[in-house]
Amino acid sequence: MSKVIKLSILILISSIFLWQVSKNEKYQVLGKLIDRVETSEKIVALIFDDGPTKGKTKEILTILDEAEVKATFYLIGKSIEKNIQETKNIIDRGHEIGNHSYTHKRMILKSYNFVEEELEKTNELITQAGYKGAISFRPPYGKKLFILPYYLITLTVMI
Ligand SMILES: [Zn+2]
């Protein structure tokens with residue numbers, strides 16, 4: 001087998017492996033991934049991604065109010081800018097807010113600066129809207145590889 005074919009096969013296998021690692025919900029290269037919380041209670045965590053959205057957020061909040069249920073909303077920075085009142089409504093109703101990036105782009109094969117800007121800009125918008133709680137992060141499409149976990153580790157160390 002020629003060296004070019006061997007190298008091509010190696011690159012293909014490596015790419016498949018890294019793709020699987022990037023979308024694994026139980027493992028990441030650096031830092032801790034929280035996919036569950038140990039409890040003896042029978043509970044379910046409700047998470048709504050990709051908002052806030054005009055109309056839909058109001059509808060969800062009404063349903064949650066009627067059921068007297070709290071949820072976590074992972075918001076996109078750009079959507080917060082367009083729907084600031086919906087963001088404030090989520091906060092006023094006592095729900096938890098998390099960061100779901102600024103543009104909702106996949107967080108793999110991106111620079112440290114890109115990741116930093118996506119997270120910090122959105123954290124700032126969430127805080128400006130009046131949210132006082134800790135802000136967790138959920139990557140768009142669940143994608144993470146090296147830079148995102150590394151950024152999160154350095155952030156945790158800085159706090
Ligand atoms: Zn999403």
Side-chain angles (χ1 to χ4, degrees), residues 16-53 55-81 83-110 112 114-159:
I16 291 169
F17 174 75
L18 289 175
W19 181 255
Q20 292 300 321
V21 169
S22 79
K23 67 178 192 174
N24 192 306
E25 294 175 358
K26 304 268 183 212
Y27 172 80
Q28 71 180 11
V29 178
L30 299 167
K32 190 179 171 196
L33 194 65
I34 300 170
D35 67 325
R36 61 181 9 245
V37 176
E38 290 302 322
T39 179
S40 57
E41 295 177 64
K42 291 183 177 181
I43 55 173
V44 173
L46 281 180
I47 295 172
F48 295 93
D49 286 0
D50 303 348
T53 311
K56 287 183 186 171
T57 299
K58 186 179 179 185
E59 203 176 316
I60 292 168
L61 290 174
T62 302
I63 292 167
L64 292 173
D65 279 352
E66 287 169 5
E68 296 181 17
V69 169
K70 297 297 178 201
T72 304
F73 290 78
Y74 280 92
L75 305 181
I76 298 169
K78 270 187 158 182
S79 298
I80 294 172
E81 287 175 337
N83 303 295
I84 191 69
Q85 190 54 53
E86 284 74 10
T87 307
K88 290 180 186 222
N89 290 345
I90 295 168
I91 296 166
D92 292 345
R93 299 264 177 59
H95 298 285
E96 190 176 329
I97 290 186
N99 182 333
H100 197 44
S101 82
Y102 182 74
T103 59
H104 203 263
K105 289 183 180 159
R106 284 178 174 77
M107 293 276 183
I108 55 173
L109 305 176
K110 302 286 190 220
Y112 185 92
F114 174 85
V115 170
E116 182 179 43
E117 194 176 316
E118 286 278 317
L119 273 75
E120 287 190 8
K121 220 169 167 180
T122 303
N123 274 353
E124 205 174 302
L125 288 164
I126 291 169
T127 305
Q128 283 172 0
Y131 188 68
K132 306 252 188 279
I135 303 170
S136 57
F137 177 74
R138 185 169 159 87
Y141 311 101
K143 297 285 182 204
K144 75 276 177 263
L145 200 51
F146 301 115
I147 301 297
L148 175 61
Y150 176 71
Y151 170 78
L152 293 172
I153 279 179
T154 57
L155 193 68
T156 306
V157 171
M158 284 168 39
I159 293 173

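Scope of the values below: all heavy atoms of this structure, side chains included, with no hydrogens, waters or symmetry mates.
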Query - Nearest-0.5 Å distance that lies between atom CD1 in I135 and atom CD in E96 - result: 10.0 Å
Query raised in the report: CD1 of I80 to NZ of K121: how many Å apart, nearest 0.5 Å?
Result: 12.0 Å
**Report entry** Results of side chain to side chain contact (heavy atoms under 4.5 Å, CB included) for I47 - residues two or more places apart only
**Finding:** D49, T72, Y74, R138
Query raised in the report: Measuring from K58:NZ to N83:CG, what's the distance to the nearest 0.5 Å?
Result: 13.0 Å
Report task. Enumerate the residue pairs fulfilling side chain to side chain donor-acceptor pair (under 3.5 Å) with a member in residues 84-94, sequence neighbours excluded, ordered by first and then second residue. Result -> D65-R93, Q85-N89
Query raised in the report: How long is the gap from OG1 on T57 to CG on L75, to the nearest 0.5 Å?
Result: 7.5 Å
Query raised in the report: Would one find more than 12 heavy atoms of other residues, nucleotides or ligands at under 6.0 Å from atom CZ of F114?
Result: yes
Report task. Sequence neighbours left out, what passes side chain to side chain contact (heavy atoms under 4.5 Å, CB included) with T39? Give chain and number order. Result -> E41, I43
Query - Close side-chain approach of P140 and K105, heavy atoms under 4.5 Å - result: no
Query raised in the report: If you draw a 6.0 Å radius around NZ in K143, do more than 12 non-hydrogen atoms from other residues or ligands fall strictly inside?
Result: yes
Report task. Considering non-hydrogen atoms only, spot the tightest contact between H95 and V69 and give its length. Result -> CE1-O, 3.4 Å
Report summary line: Heavy-atom closest pair (I90 atom, P52 atom, distance to 0.1 Å) is CD1-CB, 4.4 Å
Query - Residues that D50 engages under salt bridge (Lys or Arg N to Asp or Glu O under 4.0 Å), provided they are two or more places apart - result: none
Report task. Go through the steps for L61 and F48 under the test side chain to side chain contact (heavy atoms under 4.5 Å, CB included), then give the verdict. Result -> CA-CA 11 Å; L61 290 174; F48 295 93; over 6 Å; no
Query - Residue K110 excluded, over 12 heavy atoms near NZ under 6.0 Å - result: yes
Query - Heavy atoms from other residues, nucleotides or ligands near NZ of K70 exceed 12 (cutoff 6.0 Å) - result: yes
Requested in this report: Can you establish whether the number of heavy atoms outside E59 located under 6.0 Å from its atom CD is more than 12?
Outcome: no
Report task. State, to 0.1 Å, how close P139 and H100 come at their nearest heavy-atom pair, and which atoms those are. Result -> O-CE1, 3.7 Å
Report task. Show your reasoning for whether side chain to side chain contact (heavy atoms under 4.5 Å, CB included) applies to T154 and E116. Result -> CA-CA 11 Å; T154 57; E116 182 179 43; over 6 Å; no
Query raised in the report: How many angstroms lie between atom CD of Q20 and atom CD1 of I16, to the nearest 0.5 angstrom?
Result: 8.0 Å
Query - Test log, rule side chain to side chain contact (heavy atoms under 4.5 Å, CB included), inputs F137 and L148 - result: CA-CA 11 Å; F137 177 74; L148 175 61; 3.7 Å; yes
Report task. Could you list the residues that satisfy side chain to side chain contact (heavy atoms under 4.5 Å, CB included) with F146, not counting sequence neighbours? Result -> L18, V29
Report task. Just say parallel, tilted or perpendicular for the rings of Y112 and Y151, cut-offs at 30° and 60°. Result -> perpendicular
Query raised in the report: Quick one: are Y141 and M107 in side-chain contact, heavy atoms under 4.5 Å?
Result: no
Side-chain donor-acceptor distances from residues 122-131 under 3.5 Å, at least two apart:
{"unit_1": "T122", "atom_1": "OG1", "unit_2": "S101", "atom_2": "O", "d": "3.2"}
{"unit_1": "T122", "atom_1": "OG1", "unit_2": "Y102", "atom_2": "N", "d": "3.2"}
{"unit_1": "T122", "atom_1": "OG1", "unit_2": "E118", "atom_2": "O", "d": "2.9"}
{"unit_1": "N123", "atom_1": "OD1", "unit_2": "N99", "atom_2": "ND2", "d": "3.0"}
{"unit_1": "T127", "atom_1": "OG1", "unit_2": "N123", "atom_2": "O", "d": "2.8"}
{"unit_1": "Y131", "atom_1": "OH", "unit_2": "I97", "atom_2": "N", "d": "3.3"}

